[in-house]
Amino acid sequence: MRLLIADDDAALRALLRTTFEVVDVEVEEAATAEAALEAVARERPDAIVLDFRFPGMSGIELCRRLKADEATVDIAIVLLSGSVDDIAVAHDSGADAYLRKPFSPLELLDVVERLTGGLAAVPPPARAEGGAEDGQQLLLYARDLRHLLEIERGQRILLQNAYKETVAALASALESKDTGTRAHSQRVQRYALELSGSVGSDLVEDPSVEYGFLLHDVGKIGIPDRILQKPGPLNGGETRLMRTHTLLGEQMLGGVAFLQGEGLRVVRSHHERWDGSGYPDGLTGTDIPLSARIFAVADSLDAMTSDRPYRPALTWAEAGREIVGESRSQFDPAVVKAFVDREERLRAIRTQFAA
């Protein structure tokens, strides 16, 4: 990865250079916006850390020029400023991120890592022989920084794993209460991820979606067992109460950071129908979030091929015909096509997670 640091503060440039070289980033420096523009012309960087204010051309002007040019619009730009008043201007400039000085080098490293898709850690640089005192201090800083990075990344992985394990345990407990099986949530998650790879590949990169697929029915915590486990059809009042589980789930999870975005939309909208006859909002067609349209097929597939208190399971072939027959009625036709195209893989998931 190649990074351009454009700032008129030489000490800050040295500090940031050391920070990024620890994680194997090729760094170029520029003390003015004009010099930064020349550096970009010589060799396009992957990201630019850019001071807001320079003598002459300002950082904000440079940012706007780069974002207006098709050749450089995709370069990730992080603007640095010492004034809170610059935030609104920074947002209008097209910059990808904004940090107010003073900031932690680790904070900047995290922002650049997020914007560029990850940085690879490498061993710390060897101690220079007979270097100047300030150089030795930077090397010591680099050694300590690498240690902090290893700790922080290790903690992040542990936290993410803890989230997943907790969510999976909660989903399993919910399914045991609802259907008497602990496999449904895992199957529908895998079905939905498989379908997403065909019609919504960007969703696979959104971590909230995976959690939303698992916790789609969390609102059923608020539904009485006599309704969840009723062996026959629900009456009108029971149906209305059952349908509140989508809104209850959204309310319960609305403050959970790792579910914000598409994950929360799955929880609210997975019972919407393509023709507008679903709930809770009666959305139609592409007004329904894509993640929810995908999940509707995955959820229905598993529901039809599993025993329920009110009916025995359908065969896979019967369920498949039902899904195809509901294209443009209950289901998004693009998702139905993905089901047909990936049916063998979906069958394999069913076998792997058989109840």
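FYI, side chains are in, hydrogens and waters are out, and symmetry mates aren't considered; it's all heavy atoms of this structure.
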Taking [Y]'s backbone N and O only, do any of them form a donor-acceptor pair with [X]'s side chain (distance below 3.5 Å, no angle check)?
X: Glu272; Y: Asp281; result: yes
X: Glu238; Y: Asn235; result: yes
X: Asp96; Y: Ile77; result: yes
X: Glu34; Y: Met57; result: yes

Glu262 bridged to Arg265 by N-O distance under 4.0 Å |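 Here Glu262 pairs with Arg265 in a salt bridge, since their nearest N and O are under 4.0 Å apart.
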Are Arg65 and Asp69 within salt-bridge range, i.e. N to O under 4.0 Å?
->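 A salt bridge is absent here (no side-chain N lies under 4.0 Å from a carboxylate O).
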Decide side chain to side chain donor-acceptor pair (under 3.5 Å) for Asp217 and His245; before the verdict, give the C-alpha distance in whole Å, the side-chain angles of both, and the deciding distance to 0.1 Å.
-> CA-CA 7 Å; Asp217 275 343; His245 79 273; 3.1 Å; yes
Can you tell me which residue pairs pass the salt bridge (Lys or Arg N to Asp or Glu O under 4.0 Å) test with a partner in residues 248-257, sequence neighbours excluded?
->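 Matches after skipping sequence neighbours: Glu250-Arg268.
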Go through Glu28 and Glu43 one step at a time and tell me if the side chain to side chain contact (heavy atoms under 4.5 Å, CB included) criterion holds.
-> CA-CA 10 Å; Glu28 184 171 0; Glu43 186 172 357; 5.6 Å; no
Is there a path of hydrophobic side-chain contacts, each under 4.5 Å between heavy atoms of I, L, V, M, F, W or Y residues, that connects Leu264 with Tyr279?
->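 Different hydrophobic clusters.
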Test side chain to side chain contact (heavy atoms under 4.5 Å, CB included) applied to Ser196 and Glu210, step by step = CA-CA 11 Å; Ser196 295; Glu210 182 179 359; over 6 Å; no
Between atom CG of Leu66 and atom CZ of Arg44, what is the distance when rounded to the nearest 0.5 Å?
->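 One gets 10.0 Å once the value is rounded to the nearest 0.5 Å.
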Would you give the length of the straight line joining atom CG of Leu37 to atom CD1 of Ile48, rounded to the nearest 0.5 angstrom?
->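 Going from CG on Leu37 over to CD1 on Ile48, the span is 9.0 Å.
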How about Glu326 and Trp274: does a side-chain donor come under 3.5 Å of a side-chain acceptor?
->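 Side-chain D/A pair, Glu326 to Trp274: absent.
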Please determine, by modelled atom types, if Arg187 and Ser306 share a side-chain donor-acceptor pair under 3.5 angstrom.
->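 Yes, because at least one side-chain N or O of Arg187 sits under 3.5 Å from a partner of the opposite role on Ser306.
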Using the six-membered ring wherever Trp is involved, compare the ring planes of Tyr191 and Trp316 and label them parallel, tilted or perpendicular (cut-offs 30° and 60°).
->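 Perpendicular: the ring planes of Tyr191 and Trp316 meet at over 60°.
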With a 4.5 Å limit on heavy-atom distance, are the side chains of Leu241 and Thr244 in contact?
->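 Leu241 vs Thr244: side chains touch.
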Trace of the side chain to side chain donor-acceptor pair (under 3.5 Å) decision for Arg273 with Ser277 = CA-CA 6 Å; Arg273 294 171 57 104; Ser277 63; 2.8 Å; yes
Which atom names give the shortest non-hydrogen contact between Gly249 and Val218, and what distance separates them?
->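 Of all heavy-atom pairs spanning Gly249 and Val218, the closest is CA-CG1, 3.7 Å.
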Nearest non-hydrogen partners of Ile227 and Leu234, listed with the distance =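 Heavy-atom minimum between the residues: O-CD2, 3.8 Å.
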Do His216 and His184 have their ring centres less than 6.0 Å from each other?
->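 Here the rings of His184 and His216 have centres that are less than 6.0 Å from each other.
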Run the numbers on Leu3 and Asp46 for side chain to side chain contact (heavy atoms under 4.5 Å, CB included), then give the verdict.
-> CA-CA 6 Å; Leu3 175 72; Asp46 299 291; over 6 Å; no
